[in-house]
A.B. asks: 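Here it is: the structure, laid out below.
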Amino acid sequence: MATLPNPLPLLATDPAGRALGLALPAGRLVDATDGGPWHEPLLWHADAPSAPGDWAAQQDAGRPAGLVPVVIEVGGGQGGPEDWELMPADTTYPGDHDAEEVLAGFWEEYAAEDEPWPGLAPATLGTDGDTKADADAPAARLADSLLAPGSAFKEPRLALVPARRSADIPAAIGWSGPVNYESDTARLCAVLRSWEDRFGIRVLALTFNQLVLSVAAPPTTAAQAEAVAAEHFAFCPDNLTQGTHNTLSAYAEHELLNKQTWSFWWD
């Protein structure tokens, strides 16, 4: 498992993060897990609501320090991350898992017996550097909408997580949202890494059991969307089995085609 030094402990004596090149507002460090305090902070989050542009600002400032921004819900029915029963001790490293192997295994377990795993959907994100960099633009717009008053989140807060990339955020904090489906969130993060490379996703928001992604290059044809829908079903069957659109074709048409936001919820 490859890990990076965690810069968050520096915030205990330097709350604004000036030594890290940051200018943070008042906030708090979270080390609470299902087994008691972790040996180091897992994340930092602001105490007060953020303004438009704050996600993008922290994305730029935090990258050199090894910190990645994410929006979290602190006012939901399950409370904030201190109450989420984070499980870092049970989490491995995303790079140790193969995305297609993870999805194929889930597909075999949850799909109908006569439906073979269709394989990974083709990439829709360009391979040139400029196109990959553009993935941050839709992420910033979605972050601003989630942080704005009247959003779907009751009390959204901007958080910073020590991670190599956006796709690793759930594993980095030991997020337990999918625990009834998969206890090692790093396996799901391996899929998020693949989606980051193929579709330009960014992990934008977390609640107790919900994951929200921005998507820079969503599928633009019915065939593309249905191929991605198969991956979504394997990744989070509840999206279909407990959703309004419970067939791959209907889910693809209504939830994926040209959609720049993907959301997942585990029961």
Side-chain angles (χ1 to χ4, degrees), residues 3-31 40-76 80-82 84 86 88 94 132-175 189 192-193 196 200-207 210-216 260-263:
T3 59
L4 292 173
N6 184 351
L8 290 180
L10 296 174
L11 299 183
T13 56
D14 178 19
R18 300 193 187 281
L20 298 172
L22 307 174
L24 300 177
R28 66 187 69 184
L29 296 168
V30 176
D31 65 359
E40 61 184 3
L42 295 166
L43 71 146
W44 169 94
H45 74 78
D47 286 335
S50 301
D54 283 356
W55 182 94
Q58 296 300 345
Q59 168 85 342
D60 293 338
R63 186 179 287 116
L67 295 170
V68 185
V70 65
V71 178
I72 62 170
E73 172 68 278
V74 303
E82 299 90 343
W84 287 358
L86 301 177
K132 287 182 179 293
D134 285 346
D136 285 344
R141 290 193 295 270
L142 177 57
D144 284 349
S145 70
L146 292 175
L147 289 165
S151 80
F153 282 17
K154 183 178 179 181
E155 294 183 49
R157 296 291 184 268
L158 188 65
L160 293 175
V161 174
R164 289 181 178 273
R165 52 198 289 182
S166 174
D168 290 356
I169 287 174
I173 67 172
W175 185 57
C189 287
L192 295 178
R193 283 185 169 200
E196 201 171 56
I201 68 98
R202 295 289 184 267
V203 173
L204 250 294
L206 291 171
T207 73
Q210 182 183 15
L211 167 68
V212 181
L213 312 178
S214 66
V215 190
Q260 288 196 293
T261 303
W262 293 350
S263 181

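Just so you know, residue 1 is the first one in the sequence shown, and it goes up from there. Hydrogens, waters and symmetry mates are skipped; everything else that's a heavy atom, side chains included, is used.
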A.B. asks: Check L22, V70, L43 against L160 for a side chain to side chain contact (heavy atoms under 4.5 Å, CB included) and give me the one that passes.
C.D. replies: L22
A.B. asks: Do I72 and F153 have side-chain heavy atoms sitting under 4.5 Å apart?
C.D. replies: no
A.B. asks: Which heavy atom of P162 sits nearest a heavy atom of A172, and at what distance?
C.D. replies: O-CB, 3.4 Å
A.B. asks: So do the side chains of L204 and L213 get within less than 4.5 Å of each other, counting heavy atoms only?
C.D. replies: no
A.B. asks: Under the side-chain contact (heavy atoms from CB on, under 4.5 Å) rule, collect the residues that match up with S50, sequence neighbours excluded.
C.D. replies: D54, L147, L158
A.B. asks: Quick one: do V74 and H45 satisfy side-chain contact (heavy atoms from CB on, under 4.5 Å)? Show the steps, please.
C.D. replies: CA-CA 9 Å; V74 303; H45 74 78; 4.0 Å; yes
A.B. asks: Checking S151 side chain against L146 main chain: does a donor-acceptor pair fall under 3.5 Å?
C.D. replies: yes
A.B. asks: Quick one: does any side-chain atom of D144 pair with a main-chain N or O of G53 as donor and acceptor, under 3.5 Å?
C.D. replies: yes
A.B. asks: Show every side-chain hydrogen bond (donor to acceptor under 3.5 Å, both in side chains) that has at least one partner inside residues 13-28, sequence neighbours left out.
C.D. replies: R28-D47
A.B. asks: Any donor and acceptor pair, going by atom type alone, linking the side chain of S214 with main-chain N or O of T261 inside 3.5 Å?
C.D. replies: no
A.B. asks: Roughly how far, to the nearest 0.5 Å, is the CH2 atom of W175 from the CD1 atom of I169?
C.D. replies: 11.5 Å
A.B. asks: Kindly give the heavy-atom pair with the smallest separation between G75 and K154, and that separation in Å.
C.D. replies: O-CD, 3.1 Å
A.B. asks: In Å and rounded to the nearest 0.5 Å, what is the CH2 to CG distance from W84 to L206?
C.D. replies: 5.5 Å
A.B. asks: Before giving the answer on side-chain contact (heavy atoms from CB on, under 4.5 Å), spell out for L11 and L20 the whole-Å C-alpha distance, their side-chain angles and the decisive distance to 0.1 Å.
C.D. replies: CA-CA 9 Å; L11 299 183; L20 298 172; 4.2 Å; yes
A.B. asks: For P156 versus V71, what's the shortest heavy-atom pair and its separation?
C.D. replies: CB-CG1, 4.0 Å
A.B. asks: I need the C189 SG to R164 CZ distance, nearest 0.5 Å.
C.D. replies: 13.5 Å
A.B. asks: Stepwise, does the side-chain contact (heavy atoms from CB on, under 4.5 Å) test hold for L42 with V30?
C.D. replies: CA-CA 6 Å; L42 295 166; V30 176; 5.6 Å; no
A.B. asks: Does any part of the side chain of P9, heavy atoms only, come nearer than 4.5 Å to the side chain of P41, both counted from C-beta?
C.D. replies: yes
A.B. asks: Holding to side-chain hydrogen bond (donor to acceptor under 3.5 Å, both in side chains), I want the full list of residues that pass it with Q210, two or more places apart in sequence or in another chain.
C.D. replies: S263
A.B. asks: Measuring only between side-chain heavy atoms, which start at C-beta, is Q260 closer than 4.5 Å to L142?
C.D. replies: no
A.B. asks: Anything under 3.5 Å between a donor and an acceptor, one on a side chain of residues 56-69, the other on a protein residue two or more places apart or in another chain? List them.
C.D. replies:
{"from": "Q59", "atom 1": "NE2", "to": "D136", "atom 2": "OD1", "distance (Å)": "3.3"}
{"from": "Q59", "atom 1": "NE2", "to": "D136", "atom 2": "OD2", "distance (Å)": "3.4"}
{"from": "R63", "atom 1": "NH2", "to": "D136", "atom 2": "OD2", "distance (Å)": "3.2"}

A.B. asks: Write out all pairs satisfying salt bridge (charged side-chain N to carboxylate O under 4.0 Å, His left out) with one or both partners inside residues 65-75, taking only residues at least two apart or from two chains.
C.D. replies: none
A.B. asks: Got a second to check how far S166's OG is from L192's CG, nearest 0.5 Å?
C.D. replies: 8.0 Å
A.B. asks: What pairs with E40 under salt bridge (Lys or Arg N to Asp or Glu O under 4.0 Å), at least two apart in sequence or on another chain?
C.D. replies: none
A.B. asks: Nearest 0.5 Å, please: how far is CZ in R157 from CH2 in W44?
C.D. replies: 10.5 Å
A.B. asks: Checking the side chain of E196 only, and the main-chain atoms of A167 only, is there a donor and an acceptor separated by less than 3.5 Å?
C.D. replies: yes
